[in-house]
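A short worksheet on the structure shown next.
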Amino acid sequence: MQDVMITIVNSMVVDKNEKPDVTEVITEGKLEMVEDGCILSYDLDPEEGVEKPGNHTEMILDGNSFNFMRVGMYGADFLVEPGVRNQTLYRMPFGNMTIGVLGKELKTDIGTERGSITAKYELDFNAAMAASYVMEVSYRAI
């Protein structure tokens, strides 16, 4: 495993007529290259922006699929595959909910020193589209 600096920029659009809601996270993490992709991991708490025991996130690129898994107070496990709708469980302090994830596009450019992954997808609740997302993940060796 290699130490990396990970930057995640997540843009959410609920209404096409409004500006995207953009969040950015920069954290140290680990990179592991695997046969058809890579695994990026970090331990940052998304709510407080600090490392906390029990919080762990893994982003797994495997060929043409991107799996985002987070454990902790805000848990998620969703899979983005272009052209495929998957269902997943989203865990929050007030309860869990099942959401649909429709993969729209996945672009990757990965290497051992630096790389990027861009995943475009839509989330839905009860089969009604709730928001469109673009998650841009980049990393560089440190």
Side-chain angles (χ1 to χ4, degrees), residues 1-34 36-111 113-142:
M1 284 209 197
Q2 181 172 350
D3 291 331
V4 291
M5 185 63 67
I6 302 170
T7 302
I8 304 167
V9 178
N10 206 16
S11 302
M12 176 183 75
V13 175
V14 175
D15 182 343
K16 291 186 273 190
N17 300 319
E18 294 182 12
K19 293 175 91 172
D21 181 15
V22 179
T23 56
E24 182 175 20
V25 173
I26 301 172
T27 187
E28 291 183 22
K30 301 285 186 188
L31 167 68
E32 179 182 353
M33 299 301 291
V34 294
D36 284 336
C38 67
I39 301 171
L40 290 163
S41 60
Y42 62 92
D43 296 324
L44 192 73
D45 179 288
E47 189 69 16
E48 297 183 24
V50 295
E51 287 190 24
K52 275 185 151 177
N55 287 296
H56 183 73
T57 300
E58 285 190 353
M59 296 174 284
I60 302 169
L61 176 65
D62 184 15
N64 201 33
S65 68
F66 179 66
N67 195 356
F68 181 91
M69 297 182 297
R70 176 184 292 140
V71 293
M73 186 178 291
Y74 292 88
D77 181 357
F78 65 85
L79 180 63
V80 177
E81 296 175 289
V84 177
R85 181 182 179 275
N86 293 292
Q87 284 193 310
T88 190
L89 185 65
Y90 207 76
R91 296 173 299 280
M92 297 202 213
F94 54 81
N96 299 336
M97 65 180 133
T98 302
I99 58 174
V101 180
L102 174 61
K104 301 301 254 178
E105 186 177 355
L106 185 61
K107 292 182 184 178
T108 63
D109 181 14
I110 61 168
E113 294 298 310
R114 63 180 54 242
S116 65
I117 302 166
T118 301
K120 295 182 180 180
Y121 57 96
E122 294 177 351
L123 294 184
D124 67 68
F125 303 100
N126 295 326
M129 208 266 286
S132 294
Y133 287 83
V134 177
M135 180 186 292
E136 299 171 297
V137 179
S138 60
Y139 64 87
R140 64 175 171 77
I142 51 174

Give the C-alpha distance, both sets of side-chain angles, the deciding distance and a yes or no for side-chain contact (heavy atoms from CB on, under 4.5 Å) between Arg114 and Ser138.
-> CA-CA 7 Å; Arg114 63 180 54 242; Ser138 60; over 6 Å; no

Tyr42 side chain near Arg70 side chain, heavy-atom distance below 4.5 Å | yes

Say you draw a straight line from CG of Leu31 to CE of Met59; how long is it, rounded to the nearest 0.5 Å?
-> 10.0 Å

Taking all heavy atoms of Gly111 and all of Tyr139, pick out the closest pair and write down the distance.
-> O-OH, 2.7 Å

Are side-chain heavy atoms of Val34 and Ile60 found at a separation under 4.5 Å?
-> no

Is Lys107 salt-bridged to Glu105, cutoff N-O under 4.0 Å?
-> yes

Applying side-chain contact (heavy atoms from CB on, under 4.5 Å), run through Val9 and Val22 and close with a yes or a no.
-> CA-CA 7 Å; Val9 178; Val22 179; 3.7 Å; yes

Find the distance between CD (Gln87) and OG1 (Thr98) and round it off to the nearest 0.5 Å.
-> 6.5 Å

CD on Glu122 to CZ on Arg85, rounded to 0.5 Å = 11.0 Å

Indicate the atoms forming the closest heavy-atom contact of Leu40 with Ile117, along with that distance.
-> CD1-CD1, 4.4 Å

Closest heavy-atom pair and its distance - Val4, Ala141 | CG1-CA, 4.0 Å

Stepwise side-chain contact (heavy atoms from CB on, under 4.5 Å) check, Lys30 with Asp3 | CA-CA 5 Å; Lys30 301 285 186 188; Asp3 291 331; 2.4 Å; yes

Measure across Ala119 and Val80 and return the closest heavy-atom pair with its distance rounded to 0.1 Å.
-> CB-CG1, 4.2 Å

Quick one: pull up CZ in Arg140 and CD1 in Ile6 and give me the separation to the nearest 0.5 Å.
-> 11.0 Å

Where Asn86 and Glu81 come nearest, the two heavy atoms and their spacing | ND2-OE1, 3.2 Å

May I ask you to decide if the ring planes of Phe78 and Tyr121 are parallel, tilted or perpendicular, using 30° and 60° as cut-offs?
-> tilted

Out of curiosity, Met129 CE to Leu123 CG, how far, rounded to the nearest 0.5 Å?
-> 9.5 Å

How long is the gap from CG on Leu106 to OG1 on Thr118, to the nearest 0.5 Å?
-> 8.5 Å

Kindly determine whether Asn67 and Met69 satisfy side-chain contact (heavy atoms from CB on, under 4.5 Å), including the steps that lead there.
-> CA-CA 6 Å; Asn67 195 356; Met69 297 182 297; 3.6 Å; yes

Where Ile8 and Met135 come nearest, the two heavy atoms and their spacing | CG2-CG, 4.0 Å

